[in-house]
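Hydrogens, waters and symmetry mates play no part in the numbers below; they use all other heavy atoms, side chains included. Note that the numbering runs from 1 along the sequence shown for the chain.
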Amino acid sequence: MTGVARWTGREVAAFRTALRKNGRDFAAEVGVSHRMLVKWETGGETITPRAGNQAALDTMLATSGPAVQERFATLITERAAADRDARAEQLLRREAQYTKNPIDGKLMVRVEEGIFLSGPKNTPTWTETYLIDVYPTTNADYARFVRATGHRAPRRWPGGKCPDSIFDHPVVWVTWHDAAAYAEWAGKSLPTSQQWEKAARGSKGRAYPWGDEPTAAKCNVLDSGIGRTTPVSRYQSGVSPYGVFDLCGNTWEWCATETEPGRHELKGSAFTSPFTRAAPSLMNDAKATMSDNDTGFRCVSPAP
């Protein structure tokens, strides 16, 4: 299940009920104020959240797990049956675009083949269909890789073990070679810079994953004042058109694309970077042997 044809206050209320969350926690996940959530739910069918909120709700629903999705579908179906609402039928018919990798268990989303606008000059560029990780590789993901392969743990892991307090943060202190080794173990690869950028900007070349407005509050950058990595699912309102998280800020991400022998592109900026460096069209690179506290990665794989 990927989302709802059009969210209204009624669907929002049903989804919160299905998640079994209180209003304040749910509002924080969507990226809106509690007052706005109350307005949505009170307005019912007359209230339609903005496009960015719709995308965040779609992503939350897609990643919420089968139990929550089943409860939500049941609630929507029951209410639709009473009101003869055709949207429930659309909801239940929608084809899932998300899949789990069988080795590392990470959620991946399909990016269809086609042209997208790439780079600072919005150059039309073709990509084949592929799957990309919805979230960056976390410390928990990397710990499974280390246990399975005996690969060295990142620096700053006490005793070679990931601290529980950052299990859902992106892994850092990894070189390009470390990232490539993880990808090979998982049966995946590192994304090319073009694959990474398309997942961030969509086919129409958004300036940022969420749209064209330069909104630093939608990502973890230097301007945010956090000063460290954050959980990979934190910025619900900053997801890309494909529902991919953390493509601006939190950590730079290694790409497969080589800029010169021994150097590879980095994308996305980090919590150490000013927002002016966050646009997905911009380029950065580093030596493949570099590791730092603000550099991680995610993977791609061929689409079935």
Going by heavy atoms in the side chains, are [X] and [Y] under 4.5 Å from each other?
X      : Y      : result
Phe245 : Thr59  : yes
Val30  : Gln236 : no
Leu131 : Pro302 : no
Lys188 : Asp133 : yes
Val172 : Thr229 : yes
Tyr235 : Asp246 : yes
Lys198 : Tyr130 : yes
Leu61  : Trp7   : yes

| request: Test Val109 against Ile132 for side-chain contact (heavy atoms from CB on, under 4.5 Å), laying out the working first. | output: CA-CA 6 Å; Val109 68; Ile132 188 166; 3.8 Å; yes
Are any side-chain N or O atoms of [X] and backbone N or O atoms of [Y], one a donor and one an acceptor, separated by less than 3.5 Å?
X      : Y      : answer
Trp176 : Cys255 : yes
Arg50  : Asn53  : no
Asn250 : Thr230 : yes
Thr42  : Lys39  : no
Ser273 : Ala270 : yes
Asp212 : Ala207 : yes
Asn22  : Asp25  : yes
Asn139 : His169 : yes
Arg298 : Val134 : yes
Thr17  : Phe15  : no

| request: Mind checking ring pair (Phe, Tyr, Trp, His ring centres under 6.0 Å) for Phe116 and listing every partner two or more places apart, or none if nothing turns up? | output: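 Partners of Phe116 by the ring pair (Phe, Tyr, Trp, His ring centres under 6.0 Å) criterion come out as none, since no residue qualifies.
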| field | For His177, all residues meeting ring pair (Phe, Tyr, Trp, His ring centres under 6.0 Å), sequence neighbours excluded | value |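 Counting only residues at least two positions away or on another chain, His177 forms no ring pair (Phe, Tyr, Trp, His ring centres under 6.0 Å).
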Which distance, rounded to the nearest 0.5 Å, do you find between the [atom1] of [X] and the [atom2] of [Y]?
X      : Y      : atom1 : atom2 : result
Met290 : Arg263 : CE    : CZ    : 8.5 Å
Ser233 : Met60  : OG    : CE    : 9.5 Å
Ser193 : Glu265 : OG    : CD    : 4.0 Å
Trp254 : Cys299 : CH2   : SG    : 14.0 Å
Trp210 : Ser237 : CH2   : OG    : 8.0 Å
Gln195 : Ser189 : CD    : OG    : 6.5 Å

| field | Glu184 CD: over 12 foreign heavy atoms closer than 6.0 Å | value |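 Count not over threshold, so no.
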| message | Is it true that, when you exclude Asp164 itself, more than 12 heavy atoms of the residues, nucleotides or ligands shown sit nearer than 6.0 Å to its CG? | response |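 No, not enclosed.
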Is it true that [Y] and [X] share a donor-acceptor pair across their side chains at a distance under 3.5 Å?
X      : Y      : value
Thr175 : Asp178 : yes
Asp294 : Thr272 : yes
Asn122 : Arg201 : yes

| message | Does the plane of the ring in Phe297 sit parallel, tilted or perpendicular to the ring in Tyr182? Use 30° and 60° as the thresholds. | response |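 Perpendicular, since the angle between the ring planes exceeds 60°.
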| request: Give me the ring orientation class for Phe145 and His151: parallel if the planes are under 30° apart, tilted from 30 to 60°, perpendicular past 60°. | output: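 Taking His151 first and then Phe145, their aromatic rings sit tilted (interplane angle of 30° to 60°).
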| query | Mind checking whether Tyr208 and Phe275 have ring centres under 6.0 Å apart? | reply |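 Between Phe275 and Tyr208, which both carry aromatic rings, the centre distance is below 6.0 Å.
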| task | List the steps and the verdict of side-chain contact (heavy atoms from CB on, under 4.5 Å) for Ser269 and Trp252. | result | CA-CA 5 Å; Ser269 77; Trp252 290 102; 4.2 Å; yes
So does [X] pair up with [Y], basic N to acidic O under 4.0 Å?
X      : Y      : answer
Asp104 : Arg144 : no
Glu197 : Lys267 : yes
Arg10  : Glu41  : no
Glu29  : Lys21  : yes

| field | Thr138/Asp141 under side chain to side chain donor-acceptor pair (under 3.5 Å): CA gap, chis, key distance, verdict | value | CA-CA 5 Å; Thr138 65; Asp141 299 326; 2.9 Å; yes
